[in-house]
Amino acid sequence: MRLSQSFGKTLREAPAEAEMASHQLLIRANYIRPAGAGVYTFMPLGYRVIRKIWGIMAEEMDAISGQEMWMPNLHPAALWQATGRWGQMDVLFKLKGSGNREYALSATHEEIVVDLALRDIESHRDLPRMIYHISKKFRDEPRPRGGLIRLREFIMKDAYTLDRSEEALDEYYPSMLQAYFNIFDRCGVKTTAINADVGAMGGKTSQEFTVPHPQGEDVFIDCDNCDYAANVEAAEFVREGEKPATLAELIKVETPDCKTIADVAAFVGVATTQTLKCVFYWWRPSYVEKPGEGRLVFAMTRGDLAINDTKLVNALGGGFLRAATEDEIKAIDAVPGYASAIGMTPARDMASPGVMIVADESINFGGNYVVGANEDPYHYTGANLGRDFEVSRIADIAQADTGHKCPVCGGRIEAKRAIEVGHCFKLGTRYSAAVNATYLDENGQPQLIYMGSYGIGLDRLMAVVVELHHDKDGIVWPDSVAPYQVHLVHIGKEGDGTKEQAEALYADLTAAGVEVLYDDRDGVGAGVKFKDADLMGIPWRVTVSARSLEQGGVEVKRRSESERRILPIEEYPILLNPALLNS
RNA sequence: CGGGGCGUAGCUCAGCUUGGCAGAGCGCUCGGUUUGGGACCGAGAGGCCGCCGGUUCGAGUCCGGCCGCCCCGACCA
């Protein structure tokens with residue numbers, strides 16, 4: 001490609017709204033252009049990177065028996081209604097065609113795949129199968145961010161497995177995880193696979209591939225001593241603390257202006273571990289709230305810990321939570337800021353009357369707590385579970401955080417931010433059951449198909465590659481995903497013979513199949529060309545100039561290194577295989 | 001959806017406090033010089049100052065509403 005003919009140009013300054021390095025550099029270096037919030041055009045260079053990543057993914061998927069196909073992005077509403085997600089997935093873009101036909105834009109493709117399975121999988125002989133495709137996803141994200149990190153329209157590789165049984169799925173699953181590691185390794189991205197909550201995707205297990213990054217939107221827990229790692233939504237930790245040897249007397253004390261745990265602990269003179277924190281939620285079974293549906297949930301944990309909403313939902317067996325309103329809290333005679341379970345009748349389960357009180361395990365690792373008196377402005381001291389109040393159930397609902405004890409080795413864990421680049425789900429029969437997608441087993445009996453789904457965001461991965469591979473001057477692409485291998489730079493003036501040499505080299509390299517970006521621009525200073533080359537980040541820079549020719553050849557420089565060397569012209573065929581230059 | 005910030009030339013930004021001719025640098029066009037790290041001289045083009053309404057003799061500037069974009073949070077299938 002001749003730079004003199006390329007569409008678009010590099011920018012000296014990044015648009016003001018770009019904050020992340022990848023966002024700034026990809027725009028400045030002419031890889032992407034914004035069309036709106038979370039919507040980008042891939043310029044010629046950017047599209048070449050996407051195609052490189054695409055190729056790596058296709059190779060790795062094919063290597064584990066994947067079959068590449070191409071699924072639609074316009075989804076008839078009926079498919080989404082069949083799985084129950086039409087009314088549940090809030091980020092689903094919906095649109096109407098003529099005659100009131102309704103469609104969804106592809107937010108994901110489980111619906112398409114399970115419909116295919118329904119039609120085309122008939123016998124156990126048709127299983128197992130692994131299919132995948134790379135195409136656009138559309139999600140009405142409330143807040144796109146970070147350039148290509150979080151988009152409303154993005155490119156995803158998603159693979160789907162169809163198996164006879166859970167065991168068959170379990171057996172295949174590790175090869176998918178390995179393929180994922182291979183893909184990320186080949187792209188120059190070191191990932192950590194962590195156990196994550198499955199969320200509303202359904203299913204039972206999921207592994208999230210993350211890259212630690214300060215501007216990531218995921219928080220995960222990492223042990224500094226062993227390899228335990230998990231998303232905070234699923235991370236376990238060891239509660240520390242002791243029950244008191246003797247129970248103190250329950251005493252009501254006046255605590256003016258003490259609305260927070262820290263206030264109360266300081267006022268009464270105890271550690272926050274000797275307090276109980278109470279948070280009120282409104283639980284409902286479906287995403288869309290319906291009048292008269294749902295109930296209040298009273299969540300409690302030791303005062304030094306925070307409640308994790310996802311863990312709480314899981315402890316309740318599913319559903320959705322929002323913060324309870326003041327009226328809903330008052331309806332059970334609790335006083336916000338001074339609430340406790342004292343005097344309340346806990347519900348036995350979600351269907352029973354009383355107050356649904358869920359306490360974190362941590363309350364068993366302490367006692368003689370300071371708790372609210374359900375009266376403004378009073379607290380009790382010396383409160384103890386069993387003697388002074390009861391709960392509906394005790395579960396793991398507190399969020400793991402930095403400094404907590406590792407559940408595996410007993411070391412200390414740390415909360416870190418990360419960017420999620422891939423996710424593998426064992427879906428089980430969540431979707432096949434919804435549409436009754438079955439196969440006939442050896443005995444002629446219909447059995448539900450076991451599914452798995454496995455996604456990687458290509459554009460997000462591209463951004464992460466840049467986050468990990470750049471310096472002050474620009475991008476430094478790994479060879480594997482670089483849009484071109486050689487950035488050929490011509491410097492010289494009319495009639496000094498340099499142009500002819502550069503043109504000849506360009507022709508030879510191109511004819512030999514080397515991917516060359518050729519800066520043939522006339523009247524552009526050497527400084528500009530070098531700055532652009534650094535910005536664009538192509539692995540090898542080859543300069544043809546009067547100076548290099550005087551020194552006997554062309555100058556070769558690796559983007560990632562500062563060393564430049566002269567390669568004699570007669571040895572130029574070595575450039576036909578740039579990998580040789582590494583030796 | 002809550003909090004904060006921003007919207008003026010392709011990009012970065014001044015001008016708004018205190019209403020009075022629409023500005024700079026970079027980029028772009030033309031001519032010339034230059035040619036190893038974002039060069040120089042000269043001449044140009046380029047604007048619904050986000051949109052709508054209000055106040056005013058007069059609004060980029062003041063007031064109200066809306067839209068868009070960015071950041072934090074919520075959400076994140």
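Sequence lines set the chain letters: A, B, ... in the order given, protein chains first and strands last, and positions in each chain run from 1.
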Residues Thr210(A) and Glu208(A): side-chain donor-acceptor under 3.5 angstrom:
no
So, Tyr180(A) and Gln207(A): side-chain donor and acceptor under 3.5 Å apart, yes or no?
no
Take atom [atom1] in [N] and the same atom in [M], then report the distance between them in whole Å.
| N | M | atom1 | result |
| --- | --- | --- | --- |
| rG23(B) | rC49(B) | C1' | 11 Å |
| rU29(B) | rA14(B) | P | 27 Å |
| rG60(B) | rC21(B) | C1' | 13 Å |
| rU12(B) | rC69(B) | P | 15 Å |
| rU61(B) | rA39(B) | C1' | 39 Å |
| rG54(B) | rU8(B) | P | 24 Å |
| rG37(B) | rG31(B) | P | 26 Å |
| rU56(B) | rG10(B) | C1' | 35 Å |

Residue matched to [N] through Watson-Crick or wobble contacts both under 3.5 angstrom:
| N | value |
| --- | --- |
| rG23(B) | rC13(B) |
| rG64(B) | rC52(B) |
| rA43(B) | rU29(B) |
| rG38(B) | none |
| rG2(B) | rC72(B) |

How would you list, by chain and number, every residue that makes a ring pair (Phe, Tyr, Trp, His ring centres under 6.0 Å) with [X], sequence neighbours excluded?
| X | value |
| --- | --- |
| His490(A) | none |
| Phe298(A) | Phe280(A) |
| Phe530(A) | none |

In whole angstrom, what separates [X]'s [atom1] from [N]'s [atom2]?
| X | N | atom1 | atom2 | answer |
| --- | --- | --- | --- | --- |
| Glu420(A) | rC75(B) | CD | P | 15 Å |
| Asp218(A) | rC75(B) | CG | C1' | 13 Å |
| Asn308(A) | rA74(B) | CG | C1' | 14 Å |
| Asp158(A) | rA77(B) | CG | P | 15 Å |
| Leu321(A) | rA74(B) | CG | C1' | 14 Å |
| Asp473(A) | rG36(B) | CG | P | 19 Å |
| Lys529(A) | rG37(B) | NZ | C1' | 13 Å |
| Phe425(A) | rA77(B) | CZ | P | 7 Å |

For [X], report the nucleic acid contact type (base, sugar-phosphate, nothing); a contact means any heavy atom under 4.0 Å.
| X | answer |
| --- | --- |
| Val91(A) | nothing |
| Arg521(A) | nothing |
| Arg33(A) | nothing |

Residue set satisfying side chain to side chain contact (heavy atoms under 4.5 Å, CB included) with Ala463(A), at least two apart, ordered chain then number -> Ser22(A), Leu148(A), Ile149(A)
Reading nucleotides 22-34 of chain B from 5' to 3' and marking B where a protein heavy atom lies under 4.0 Å of the base, S where only the sugar-phosphate is that close, and - otherwise, the string is ---BSS-------
Please determine whether side-chain contact (heavy atoms from CB on, under 4.5 Å) holds for the pair Arg541(A) and Glu555(A), giving the CA-CA distance in whole Å, both sets of side-chain angles, and the decisive distance to 0.1 Å.
CA-CA 8 Å; Arg541(A) 190 181 80 192; Glu555(A) 179 191 274; 3.2 Å; yes
Counting side-chain heavy atoms from CB outward, which of [options] is closest to [X]?
| X | options | answer |
| --- | --- | --- |
| Pro15(A) | rG37(B), rU12(B), rA77(B) | rU12(B) |
| Pro142(A) | rG37(B), rA74(B), rG36(B) | rA74(B) |
| Asp309(A) | rG38(B), rG37(B), rC75(B) | rC75(B) |

Handout entry: Distance under 6.0 Å and angle within 45° of ring axis: Arg558(A) vs Trp540(A)
Key = yes
What are the atom names and distances for every N/O pair under 3.5 Å that joins the protein to nucleotides 69-72 of chain B?
unit_1  : atom_1 : unit_2    : atom_2 : d
rC69(B) : OP1    : Ala37(A)  : N      : 2.9
rC71(B) : OP1    : Gly146(A) : N      : 3.2
rC72(B) : OP2    : Arg143(A) : NH1    : 3.3
rC72(B) : OP2    : Arg143(A) : NH2    : 3.0
rC72(B) : N4     : Arg143(A) : NE     : 3.3

Result for side chain to side chain contact (heavy atoms under 4.5 Å, CB included) between Tyr281(A) and one of Val313(A), Leu296(A), Leu321(A) points to Leu321(A)
Ranking Ala107(A) and Glu555(A) by the position along RNA chain B of their nearest nucleotide, the one closer to 5' is Glu555(A)
Residue pairs passing the salt bridge (Lys or Arg N to Asp or Glu O under 4.0 Å) test with at least one member in residues 450-464 of chain A, sequence neighbours excluded, are Glu217(A)-Arg460(A)
The complete set of salt bridge (Lys or Arg N to Asp or Glu O under 4.0 Å) pairs with one or both residues in residues 9-34 of chain A, sequence neighbours excluded, reads none
For residues 519-530 of chain A, the side-chain hydrogen bond (donor to acceptor under 3.5 Å, both in side chains) pairs (sequence neighbours left out) are Arg2(A)-Asp520(A), Ser4(A)-Asp520(A), Lys499(A)-Asp522(A), Asp519(A)-Arg521(A), Arg521(A)-Asp532(A)
